[in-house]
Amino acid sequence: MLQNTYDRFVKLSSPDRFIVVTNHIYAHVVKEQLPDLDDAQILREPLRRNTATCIAYASYVIQKKDPDARVIVTPSDHLILHEVTFQETMALALSEAEKDSHLITIGIKPNRPDTGYGYIQYIDSQKEVKKVKTFTEKPDVELAKTFLESGDFVWNSGVFVWKNKSIIRAYEEQMPELAEVFEEGADFYDTSEEEAFVKRAYSLVKNVTIDIGIMEKSEDVYLILGDFGWSDLGSWLSIHKLKPKDKNNNVVDANAMLYDTSNSYIKVSPQKLVVVHGLDNYLINESENVLLICKLDAEKKFKEFVADAKNKGEDYI
């Protein structure tokens, strides 16, 4: 997925214009998967501090490199089926981002009351670029149904486009403490002292999403509707929906024998024979030295699982 994301955007810009933000333990993996990038293009986070922090880190690095840059922010786990339409949407967003202070988000028209996504309400108009009214974090199913019926709510894709100057200004106005922390790093970015500075910086800031920290507060947020065959593959359930399935609606990526098992996802090393009996709507996933067995739709619990596993020690996750 990381490689696919890179390939998608390298059609819009040259390799030297990419920045990847990742946890420090994955930096070598990113380098292996994206060999066109220099080490300085891979920003290593010492701690998990959510999207407001990682975007701020990248934005202040970009400010030092090219203060006039336009920026596309994207997760690395999205499926885009219609790439030409996607490129056209990005071109429109980049054009709109030229307007002073405008922060552009891409919204996806919902086709079901999904509780796994954030929602954006927009002011309906005939214009391609619409003013954002509200942001709502992942709702319960009844509220999601209301959003779907209203017709003016879309899923928050997590893709943003803006001038770097615009997002820096937004940080200064909406999250001044965070802005102050990363502004002090100007002399350290792209030097041997960057790692030490970033460790200090991350210890000083809060865990906040970009939606809560910036987008919900700003009066300069605009929406472009995306219709390019999008799926967020950040959950096992979403991957299950896209993968080929057996007659009982199971995705089997393993050497497995299934009995009375349906609607499940089994992903285990082919070196092991897995025998499964009597499960419905379950995930069985083996990753190095962690075996995860849980409800397939338990997306909201995954972060809790990961946090608890980390408490067991970094030898596990």
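Scope of the values below: all heavy atoms of this structure, side chains included, with no hydrogens, waters or symmetry mates. We count residues from 1, following the sequence as given.
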Heavy-atom check, side chain of Ile42 versus side chain of Lys31, under 4.5 Å: yes
Worked verdict on Asp100 versus Asp220 for side chain to side chain contact (heavy atoms under 4.5 Å, CB included): CA-CA 9 Å; Asp100 194 41; Asp220 297 309; over 6 Å; no
So, does Lys130 use its side chain to make a donor-acceptor pair with the main chain of Ser125 at under 3.5 Å? yes
Please examine the side chains of Tyr222 and Thr105, heavy atoms only from C-beta on, and report whether any two atoms are closer than 4.5 Å. no
Grab the two heavy atoms, one from Tyr189 and one from Lys64, that are nearest each other, plus how far apart they are. O-NZ, 2.8 Å
Are Ser264 and Leu296 side-chain neighbours, meaning at least one heavy-atom pair lies under 4.5 Å? no
Is there a side-chain contact between Asp260 and His277 (heavy atoms, below 4.5 Å)? yes
Give the intermediate values and the outcome of side chain to side chain contact (heavy atoms under 4.5 Å, CB included) for residues Asn255 and Lys272. CA-CA 7 Å; Asn255 181 15; Lys272 296 178 181 178; over 6 Å; no
Asp246 side chain vs Asn248 backbone, donor-acceptor pair below 3.5 Å: yes
Distance-only donor-acceptor pairs under 3.5 Å for side chains of residues 149-166, two or more places apart:
residue	atom	partner	partner atom	Å
Ser150	OG	Phe147	O	2.8
Ser150	OG	Asp152	N	3.4
Ser150	OG	Asp152	OD1	2.8
Asp152	OD2	Gln121	NE2	3.3
Trp155	NE1	Tyr119	OH	3.1
Asn156	OD1	Gly158	N	3.1
Asn156	ND2	Asp211	OD1	3.2
Asn156	ND2	Asp211	OD2	3.3
Ser157	OG	Ile106	O	2.7
Ser157	OG	Val159	N	3.1
Lys163	NZ	Glu98	O	3.4
Asn164	ND2	Ser59	O	2.9
Lys165	NZ	Asp68	OD1	2.8
Ser166	OG	Ser101	N	3.4

Is there a path of hydrophobic side-chain contacts, each under 4.5 Å between heavy atoms, that joins Phe197 and Leu47? yes
Any donor-acceptor pair under 3.5 Å linking the side chain of Lys217 with the backbone of Glu173? no
Would you tell me whether Tyr202 and Glu45 have side-chain atoms, one donor and one acceptor, within less than 3.5 Å of each other? yes
Roughly how far apart are Met90 CE and Arg8 CZ, rounded to 0.5 Å? 10.0 Å
Working note: Ile72 + Leu94, criterion side chain to side chain contact (heavy atoms under 4.5 Å, CB included); need CA distance, chi angles, decisive distance, verdict. CA-CA 8 Å; Ile72 299 173; Leu94 287 166; 4.0 Å; yes
Side-chain contact test, heavy atoms from C-beta onward, threshold under 4.5 Å: evaluate it for Leu43 versus Thr22 and give yes or no. no
Can you hop from Ile104 to Ile62 via hydrophobic side chains spaced under 4.5 Å? no
Nearest heavy-atom contact between Val21 and Cys54 is CG1-CB, 3.7 Å
Expected output: side-chain Asp140 to main-chain Glu142 donor-acceptor under 3.5 Å: yes
Lys241, NZ: over 12 other non-hydrogen atoms inside 6.0 angstrom: yes
Separation between CG (Asp187) and CD (Glu193), nearest 0.5 Å, reads 9.0 Å
Backbone N or O of Gly226 within a donor-acceptor pair of the Thr89 side chain at under 3.5 Å? no
Can you confirm whether Leu103 sits close enough to Ile167 that some side-chain heavy atom of one is under 4.5 Å from a side-chain heavy atom of the other? yes
Chi angles and distances behind the side chain to side chain contact (heavy atoms under 4.5 Å, CB included) call for Ile55, Tyr171: CA-CA 10 Å; Ile55 293 172; Tyr171 275 111; 3.5 Å; yes
Examine the side chains of Ser262 and Asp280 and answer whether a donor and an acceptor come within less than 3.5 Å of each other. yes
Is Met215 close to Ile120 at the side-chain level, that is, under 4.5 Å between some pair of heavy atoms? no
Can you measure from CE (Met257) to CD1 (Ile266) and round to the nearest 0.5 angstrom? 13.0 Å
Going from CD1 on Ile19 to CG on Asp16, what distance comes out if it is rounded to the nearest 0.5 angstrom? 10.5 Å
For Glu219, does the CD atom have more than 12 heavy-atom neighbours from other residues, nucleotides or ligands under 6.0 Å away? no
Donor-acceptor pair, side chain of Thr261 and main chain of Tyr259, under 3.5 angstrom: yes
Output yes when a side-chain donor or acceptor of Arg49 lies under 3.5 Å from a complementary backbone atom of Val205, and no otherwise. yes
Any side-chain donor-acceptor pair under 3.5 Å between Asn263 and Asn281? no
Assess whether atom NZ of Lys109 is packed by more than 12 heavy atoms of other residues, nucleotides or ligands within 6.0 Å. yes
Worked check of ring pair (Phe, Tyr, Trp, His ring centres under 6.0 Å) between Phe18 and Tyr6: CA-CA 8 Å; Phe18 281 72; Tyr6 174 82; 4.8 Å; yes
If every non-hydrogen atom of Gln174 is compared with every non-hydrogen atom of Pro176, which pair is closest and at what distance? C-CD, 3.4 Å
For residues Val10 and Leu12: do they belong to one hydrophobic cluster (side chain heavy atoms under 4.5 Å, members Ile, Leu, Val, Met, Phe, Trp, Tyr)? yes
So for atom CD, which belongs to Glu83, do other residues, nucleotides or ligands contribute more than 12 heavy atoms lying within a distance under 6.0 Å? yes
Does the salt bridge (Lys or Arg N to Asp or Glu O under 4.0 Å) test come out yes or no for Asp114 and Arg112, once each step is laid out? CA-CA 6 Å; Asp114 200 306; Arg112 61 186 183 277; 3.0 Å; yes
Can you check whether Leu2's main-chain N or O pairs, donor with acceptor, with Ser76's side chain at less than 3.5 Å? no
Quick check: are there more than 12 heavy atoms from other residues, nucleotides or ligands sitting under 6.0 Å from CD of Glu195? no
Here the gap from Glu88 atom CD to Asp227 atom CG, rounded to the nearest 0.5 Å, amounts to 11.5 Å
Could Lys131 and Tyr122 be counted as a cation-pi pair, given that NZ or CZ must be under 6.0 Å from the ring centre and within 45° of the axis? no
Co-membership, hydrophobic cluster, residues Val132 and Val73, 4.5 Å side-chain: yes
To the nearest 0.5 Å, what is the distance between CG on Leu258 and NZ on Lys247? 11.0 Å
Going by heavy atoms in the side chains, are Val198 and Arg44 under 4.5 Å from each other? no
For the student: nearest non-hydrogen atoms of Ala170 and Ile214, plus distance: O-CD1, 3.6 Å
So which atom in Ala201 and which in Phe182 form the shortest heavy-atom distance, rounded to 0.1 Å? CB-CE2, 4.3 Å
Suppose we call two aromatic rings close when their centres sit under 6.0 Å apart. Are Phe86 and Phe9 close by that rule? yes
Compare every heavy atom of Met1 with every heavy atom of His78, then report the nearest pair and how far apart it is. O-CE, 3.2 Å
For the hydrophobic clusters of this structure (ILVMFWY residues joined by side-chain heavy atoms under 4.5 Å, transitively), does one cluster hold both Val61 and Phe188? yes
